[in-house]
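In what follows, a structure is listed as structure tokens, so that the remarks can point back to it.
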Amino acid sequence: MASKLRLALIQMSVGDNKAKNIARAVQLIREAAGGGAQLVALPECFNSPYGTNYFHQYAETIPGESTEALSTVAKKFGLYIVGGSIPERDEDKVYNTCTVWGPQGDMIAKYRKAANCFSSQEHST
């Protein structure tokens, strides 16, 4: 007999308040878990407005504010979470990075979009 997997794909509006964007994502993950989801996928740039022009303002290291929230909620509900993407800062580079979280709250995968990588020297503020 084939087993079934319940998947939730989250679409959400984001604004310019990073903390509110993260809180909204966590709320939607909780709702998905309550509906029986075992795997939840967030949209690209779920914690910030979309566009590379926003990356430096919203970038964070991994672990960081956004990924700690995903780890915590994955563990709390025993879910797999595909973390859409966030602007990730690693030394002088910024990436559009997707993280994947296991039901124990551990990061099981990380993918950086190379096309969106640029150094801080290339960005003017």
Side-chain angles (χ1 to χ4, degrees):
M1 183 163 138
S3 58
K4 294 184 179 183
L5 174 71
R6 185 163 289 218
L7 168 68
L9 303 174
I10 294 178
Q11 290 187 328
M12 56 183 277
S13 295
V14 296
D16 60 3
N17 185 311
K18 184 177 180 180
K20 285 184 181 180
N21 294 333
I22 295 167
R24 178 72 175 141
V26 168
Q27 175 190 346
L28 293 169
I29 292 168
R30 284 186 183 129
E31 290 175 17
Q38 299 159 289
L39 170 63
V40 179
L42 291 170
E44 186 171 22
C45 296
F46 74 88
N47 72 347
S48 66
Y50 185 82
T52 57
N53 55 314
Y54 296 104
F55 278 17
H56 278 272
Q57 178 182 350
Y58 290 85
E60 61 187 68
T61 58
I62 295 176
E65 180 182 4
S66 300
T67 56
E68 289 293 333
L70 296 182
S71 173
T72 299
V73 75
K75 185 174 182 178
K76 181 175 183 177
F77 293 103
L79 300 170
Y80 288 92
I81 299 174
V82 178
S85 70
I86 63 166
E88 176 198 8
R89 181 178 315 284
D90 187 4
E91 296 184 14
D92 71 334
K93 299 275 187 190
V94 176
Y95 302 88
N96 187 2
T97 302
C98 176
T99 56
V100 181
W101 301 88
Q104 289 77 37
D106 52 325
M107 185 170 60
I108 58 175
K110 179 169 96 168
Y111 173 75
R112 290 175 168 167
K113 283 180 142 181
N116 289 332
C117 164
F118 53 92
S119 71
S120 59
Q121 291 84 14
E122 296 169 1
H123 178 75
S124 59
T125 53

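Values below: all heavy atoms of this structure, side chains included; hydrogens, waters and symmetry mates excluded.
Remark: K20 NZ is loosely packed, at most 12 non-hydrogen atoms of other residues, nucleotides or ligands lying under 6.0 Å away. Counting non-hydrogen atoms of neighbouring residues, nucleotides and ligands closer than 6.0 angstrom, the CG atom of D106 exceeds 12 such neighbours.
With S85 as the fixed residue, the side-chain hydrogen bond (donor to acceptor under 3.5 Å, both in side chains) test singles out one of T99, N96, T97: N96.
Residues P43 and I10 come closest through the heavy atom pair CD-O, 3.3 Å. Residues A74 and G105 come closest through the heavy atom pair CB-CA, 4.4 Å. Across all non-hydrogen atoms, the minimal contact from F46 to V14 is O-CG1, 3.1 Å. Annotation for A59 and R89: closest pair CB-NH2, 3.6 Å, computed over non-hydrogen atoms. Contact record, C98 with G83: SG-N, 4.4 Å, taken as the closest heavy-atom pair.
I62 and F55 fall into different hydrophobic clusters, defined by Ile, Leu, Val, Met, Phe, Trp and Tyr side-chain heavy atoms under 4.5 Å apart, directly or through other members. A single hydrophobic cluster is not seen to contain both L7 and V73; linkage of ILVMFWY side chains at heavy-atom distances under 4.5 Å, directly or through other members, places them apart. Cluster membership check: L79 does not share its hydrophobic cluster with L9, using side-chain heavy-atom separations under 4.5 Å among Ile, Leu, Val, Met, Phe, Trp and Tyr.
Note that SG of C45 is 11.0 Å distant from OH of Y54, once rounded to the nearest 0.5 Å. In this structure, Y58 OH and N47 CG are separated by 9.0 Å, a value rounded to the nearest 0.5 Å.
In this structure, the side chains of K18 and S66 come closer than 4.5 Å at one or more pairs of heavy atoms. With a 4.5 Å cut-off on side-chain heavy atoms, K93 and E88 do not count as touching. Between E68 and E60 the shortest side-chain heavy-atom distance does not fall below 4.5 Å. Y80 is not listed as a side-chain neighbour of L5, based on a closest heavy-atom distance of 4.5 Å or more. Contact of the Y111 side chain with the V100 side chain is not registered, since no non-hydrogen atoms from C-beta on lie closer than 4.5 Å. In this structure, the side chains of S71 and M107 stay at 4.5 Å or more apart for every pair of heavy atoms. Two residues are said to be in side-chain contact when any heavy atoms from C-beta on lie closer than 4.5 Å; W101 and T67 meet this criterion.
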Name every donor-acceptor pair, under 3.5 Å, that has one atom in a side chain of residues 28-41 and the other anywhere in the protein, sequence neighbours excluded.
| residue | atom | partner | partner atom | Å |
| --- | --- | --- | --- | --- |
| E31 | OE2 | Q27 | NE2 | 3.1 |
| Q38 | OE1 | R6 | N | 2.7 |

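The closest donor-acceptor contact from the side chain of N21 to the backbone of G15 lies under 3.5 Å. Side chain of N17 to backbone of A19: a donor-acceptor contact under 3.5 angstrom is found.
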**OP:** Test side-chain contact (heavy atoms from CB on, under 4.5 Å) on T52 and V94 and set out the steps.
**Re:** CA-CA 9 Å; T52 57; V94 176; over 6 Å; no
